[in-house]
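All ligand and atom numbering here is 1-based and tracks the order in the structure. Hydrogens, waters and symmetry mates play no part in the numbers below; they use all other heavy atoms, side chains included.
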Amino acid sequence: MSNLKWWQTAVFYQIYPRSFADGNGDGIGDFKGITEKLNYIAALGVDALWLSPHFPSPNWDCGYDISDYCNVAPEYGTMEDFKVFLDESHKRNIRVILDLVLNHTSDEHSWFVESRSSRDNPKADWYVWADTPPNNWQSCFDGEAWTYVPERNQYYYHYFMKQQPDLNWHNPEVKKAMWDAARFWLDLGVDGFRLDALGTIFEDLNLTPHTVPMTLAELRRFSDLAKTPEELELKDKYWHDMFKNQWGQLGVHDLMKELRAILDEYEGDRMLVGEDDNIDYMGSGNDELHLVFNFPLMRTEKITPDHVRENQTERLKQLDALSAKKGWPCNTLGNHDCSRIYTRYGNKLYHAELARLHAALVLTMKGTAFLYNGEEIGMTDHMLTDISQVKDTMGSWYYHAIVTDMGVHPDEAMARTAEMTRDKNRTPMQWTSHPNAGFSPMEVSTWLPVNPNYKNGINVRDQEQNPSSLLHYYKHLLRVRTSSSALKEGEYIPLHTEQKDYFAFVRQADKQSVLVILNFSNNHLELNFSTTKEVGGSNLKILFSSAERRIEEISSTLKLNPFEVFIAEVVHSK
Ligand code: GLC
């Protein structure tokens, strides 16, 4: 029996509620829709859901600007609909974690409405106020970080949009109110939280200005145009220097400890995963966050065997060094904030092959895995062509900034905006080949346009009917993972570490040892493992191969097809 907790062996599936399933036909996803799709999710074979925010919100940041933490956005349904969804998920053994946004609220939240009304109201000190802008800090979404409020004749601070004022976490009342909100959902039975943007909760107490000789819009533009190695390096340095005083500050650890203690009061192993890659936020391994994402894995132009090996060596070493020795990895390649895996890590010739390799990578590496809705059918980025379609305010702000202030031609500005906006990876889930991809009735205009490639087989229904589809491939891999103790729990042992074409490793648990080989190249490979300690002299029992091998057991010389995914149990001869 494994000693691991459910969230360590789980595969999570992120649902972006606005785009997942439209149950009432108004062009926007909702709980009725999600609940209707729970059988689909169960059949896919994932263990848990992470829901992006479903709370009431004016949607300046697509729900990450929350105006009531203990409620459901009317367009997503009622509290009753939420409870039905949660209950139906649990009935199918699917756990549910919610998004908890601590850094800021919406400017329409009653806390802020009160706070901004005067300098002496009971919530006057719930946000970060200053008489004059104390420095040149920028908001990472829309320029100046300090916004004026005439009622107080003061400025408030916001790391994100001006509609997302930062809470003052030095105020114990703020903490209490937010912990009450967390308890509200825990009492209802949710299994944990994904913590949004936790690094930005505190700012440098000295309010040290940044030293970058540009505004945010200028820096974005500079980044768009940077080409030479020097420019690219300078761009990274500028981004770091512009914001380094506004995140990663002291204080977050104590908060995480408090929140962890609250979760630990509840039965059922509730869990926290942080939107940060800093392993320090796991504390000693059992007193802060349960997981942080392995974002460095994603931070590359191209996934290569070398990149993954380096990432794993570094990451697993850091996790092992936690004093309680309980650090557990958490891998993902995509979410609602970045270009879709299929587009981002594909290449024109081998998109489909690479998508399969990347799925296999996330599902066989040591650690908890997170998938993003739609990746299982190979959804791609959808480039918007008209500024009126853009819903991600960060995108429309940038468009107007460069057209109006910098004189960039609207066509070029639109092309840049389509690239940088997160709308491209948040379009409605493609369920069928019917108009609107079966997401909404055909006469309805969906909140973001549907990617027209739903007509070309990129939809659930067509792929369900096609045994060789990407969807079936995901299901198959998920079944293999679920039924393998080595893939769920085993240690990671890299093999043939000098090889550029393929990534080979063993996952070794007490009762099972599994060899995984991912051929990232377009070459036929002939691999010899006879002198490899972990594998040599054993038989291999195939658990999965994208080449549809029929042979049950083969010797230690292996012929692999281009881009093959090969997973086999290592059967030691008696
Ligand atoms: C996180 C979310 C992102 C949001 C931001 C502000 O990074 O993932 O979508 O815009 O926080 O809340």
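Atoms of ligand 1 lying under 4.0 Å from at least one heavy atom of Arg194, given by number and element, are 2 (C), 8 (O). Ligand-side atoms of ligand 1 in range of Arg422: 3 (C), 4 (C), 9 (O), 10 (O), range being under 4.0 angstrom from any heavy atom. Residue Arg426 approaches ligand 1 through these ligand atoms, each under 4.0 Å from one of its heavy atoms: 9 (O). Listed by atom number, the atoms of ligand 1 under 4.0 Å from His104 heavy atoms are 6 (C), 12 (O). Close contacts of ligand 1 with Phe141, meaning ligand atoms under 4.0 Å from a residue heavy atom, involve 10 (O). The His336 neighbourhood of ligand 1 comprises atoms 2 (C), 3 (C), 8 (O), 9 (O), with distances under 4.0 Å to a heavy atom of that residue.
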*Mind running side-chain hydrogen bond (donor to acceptor under 3.5 Å, both in side chains) on Tyr13 and Glu375 for me, showing each step along the way?*
CA-CA 10 Å; Tyr13 181 81; Glu375 77 176 59; over 6 Å; no

*Under the ring-ring contact (aromatic ring centres under 6.0 Å, His included) criterion, do Tyr156 and His158 qualify, and how do the steps go?*
CA-CA 7 Å; Tyr156 65 89; His158 50 97; 5.6 Å; yes

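Of the protein's non-hydrogen atoms, Asp61 OD2, 3.3 Å is the one closest to atom 6 (C) of ligand 1. When only non-hydrogen protein atoms are considered, atom 7 (O) of ligand 1 lies nearest to Glu275 OE2, 2.8 Å. Closest protein heavy atom to atom 11 (O) of ligand 1: Asp196 OD1, 2.9 Å. Of the protein's heavy atoms, Asp337 OD1, 2.7 Å lies nearest to atom 9 (O) of ligand 1.
At a 4.0 Å cut-off, not a single heavy atom of Met161 sits close enough to ligand 1 to count as contact.
Shown are Tyr16, Trp185, Tyr76; of these, the ring pair (Phe, Tyr, Trp, His ring centres under 6.0 Å) with His54 is made only by Trp185. The ring pair (Phe, Tyr, Trp, His ring centres under 6.0 Å) with His104 is formed by just one residue from the set Phe160, Tyr127, Trp169; it is Phe160.
Under the 4.0 Å criterion applied to side-chain N and carboxylate O atoms, Asp392 and Arg422 are assigned as salt-bridge partners.
With a heavy-atom cut-off of 4.0 Å, Met394 does not touch ligand 1 at all.
Between atom CG of residue Leu291 and atom CG of residue Asn294 there is a gap of 11.0 Å, rounded to the nearest 0.5 Å.
Although no hydrogens or angles enter the test, the distance criterion places no donor-acceptor pair under 3.5 Å between the side chain of Thr404 and the main chain of Ala401. No donor-acceptor pair under 3.5 Å is formed between the side chain of Tyr157 and the backbone N or O of Ala130.
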